[in-house]
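Counting convention: from 1, in listed order, for ligands and their atoms alike.
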Amino acid sequence: MIKENHPLSEDRSNLKKKIFSVVVSVYNEEQALKECYTEMKRVLDTLSWDHELIFVNDGSSDGSLEVLKALASEDQKVKLISFSRNFGHEAAMIAGLDYSTGDGVVCMDADLQHPPECLPRIIRAFEEGNEVISMVRTRNKSAGLIKNITSSGFYWLINRISDVHFEPNASDFFAISRSVAEVLKGNYREKVRFLRGYVQNVGFQKTTLEYEAGVRVAGESKYSLKKLFIFSVNTILCFSNMPLKLGIYAGILSGAAGMAVLVYTLFTRQGAPSGYATIVVLICFMFAMMFLLIGIIGEYIAILFTELKDRPVYIVRETANIEHN
Ligand code: UDP
Ligand code: MG
């Protein structure tokens, strides 16, 4: 007969420990990975929850994969998912969520800009019953003035033209409960997407915690201003139909202007201002507006086309320490 104080009973109580899944996206982070692992592990080992550390290698072309394989062979709690090519940060976070098994999941960067010191606060927030924890940057030490201004401008615009509310300064550092992760896994499989937009709008009990973004430990930022611009345009198109309505507004506006000129001409019996310059300027202006509107419609069609093709969000080439999926 197994007595209560048998070593197995302690194992059983360990089994009941909740699991915290930490998803880290990695793209050419060879120099940062060792420090990232050590720092995260230092904090994770002090927590009351057990953990799994899921590294998603997003098609790195440096030695990141080798470093990750070595970590996975030394530590069973390190899980590795490696993509066949670079699919982007968002795809990496989605893969991490798909493969996570924990009661709570947090997405973090590999460059330690999301401080591991925040993890105990996140666990506390989970234990208080929160299911969506958005981490809000108070200050981003390494982002330049231009990045900070464009980021504020982007959030100002999207909050004006979308029904969905976006938390300004919310980063891609967020934590969600198992039930929220299941919702994202099952229902938010769009190909053109903005993960933190979904996270902020799935509902559930939500809280925000503040953190100060640190400086990158090594390597350099993978997000150029051009990449950020494309990302912002896609997000606006995915979360707002307002640009599609611009055509209607422009039509009403130019119709009203035409009517005004007509009325003026009829009543004053004078010709409208004439001349080469007026006509050329008007034609250029009208065509510019038309091409712009066609371009906007084209962008929406491009998104529809991408969704229709239904290509995979990511392709996994190899994994380590993963038992399921
Ligand atoms: N990242 C990724 N795939 C990419 C670009 C970036 O997985 O195509 C990862 C990168 O390794 C890092 C995180 O996403 O862990 C954030 O990237 P980065 O630090 O370059 O962005 P920033 O902090 O400058 O906005
Ligand atoms: Mg970074």
Nearest to [atom], what protein heavy atom do you find, and at what distance?
atom: atom 22 (P) of ligand 1; result: Ser221 OG, 3.7 Å
atom: atom 7 (O) of ligand 1; result: Ser25 CB, 3.4 Å
atom: atom 4 (C) of ligand 1; result: Asp58 OD2, 3.4 Å
atom: atom 16 (C) of ligand 1; result: Asp109 OD2, 3.2 Å
atom: atom 20 (O) of ligand 1; result: Lys222 N, 2.5 Å
atom: atom 19 (O) of ligand 1; result: Asp111 OD2, 2.6 Å

Practice task
Salt-bridge test for Glu117 and Arg42: reply yes if a basic N is under 4.0 Å from a carboxylate O, no otherwise.
Solution key: yes

Problem - Glu131/Arg178 salt bridge by N-O under 4.0 Å criterion - result: no

Handout entry: Near the Mg ion (ligand 2) (under 2.8 Å) - protein N, O or S atoms
Key = Asp111 OD2, Gln113 OE1

Practice task
Decide yes or no for Phe174 and Ile133: does some side-chain heavy atom of the first lie under 4.5 Å from some side-chain heavy atom of the second?
Solution key: no

Handout entry: Within-4.5 Å side-chain heavy-atom neighbours: Val22 and Met108
Key = yes

Handout entry: Which segment of Val26 sits under 4.0 Å of ligand 1 when only heavy atoms are counted
Key = backbone

Practice task
Kindly say whether His114 contributes a backbone atom to a donor-acceptor pair with the side chain of Asp109 at under 3.5 angstrom?
Solution key: no

Exercise for the section: For the residue pair Phe239 and Phe194, categorise the inter-ring angle as parallel (less than 30°), tilted (30 to 60°) or perpendicular (more than 60°). Expected result: perpendicular

Practice task
Name the orientation class of the two ring planes belonging to Phe83 and Tyr314 (parallel below 30°, tilted from 30 to 60°, perpendicular beyond 60°).
Solution key: parallel

Exercise for the section: Consider every N or O of Ala92 and every N or O of ligand 1, then say whether any pair is closer than 3.5 Å. Expected result: no

Fill in the blank from the handout: Note: ligand 1 atoms sitting under 4.0 Å from heavy atoms of Asn86 are 3 (N), 4 (C), 8 (O)

Fill in the blank from the handout: When rounded to the nearest 0.5 Å, the distance separating CZ of Arg121 from OH of Tyr211 is 11.0 Å

Practice task
Could you verify whether a donor N or O on one side chain and an acceptor N or O on the other, from Tyr37 and Asp75, lie under 3.5 Å apart?
Solution key: yes

Problem - Glu52: which of Lys41, Lys17, Lys77, Lys79 passes salt bridge (charged side-chain N to carboxylate O under 4.0 Å, His left out) - result: Lys79

Practice task
Nearest heavy atom to atom 14 (O) of ligand 1 wins, so pick from His89, Met93, His114, Glu29.
Solution key: His89

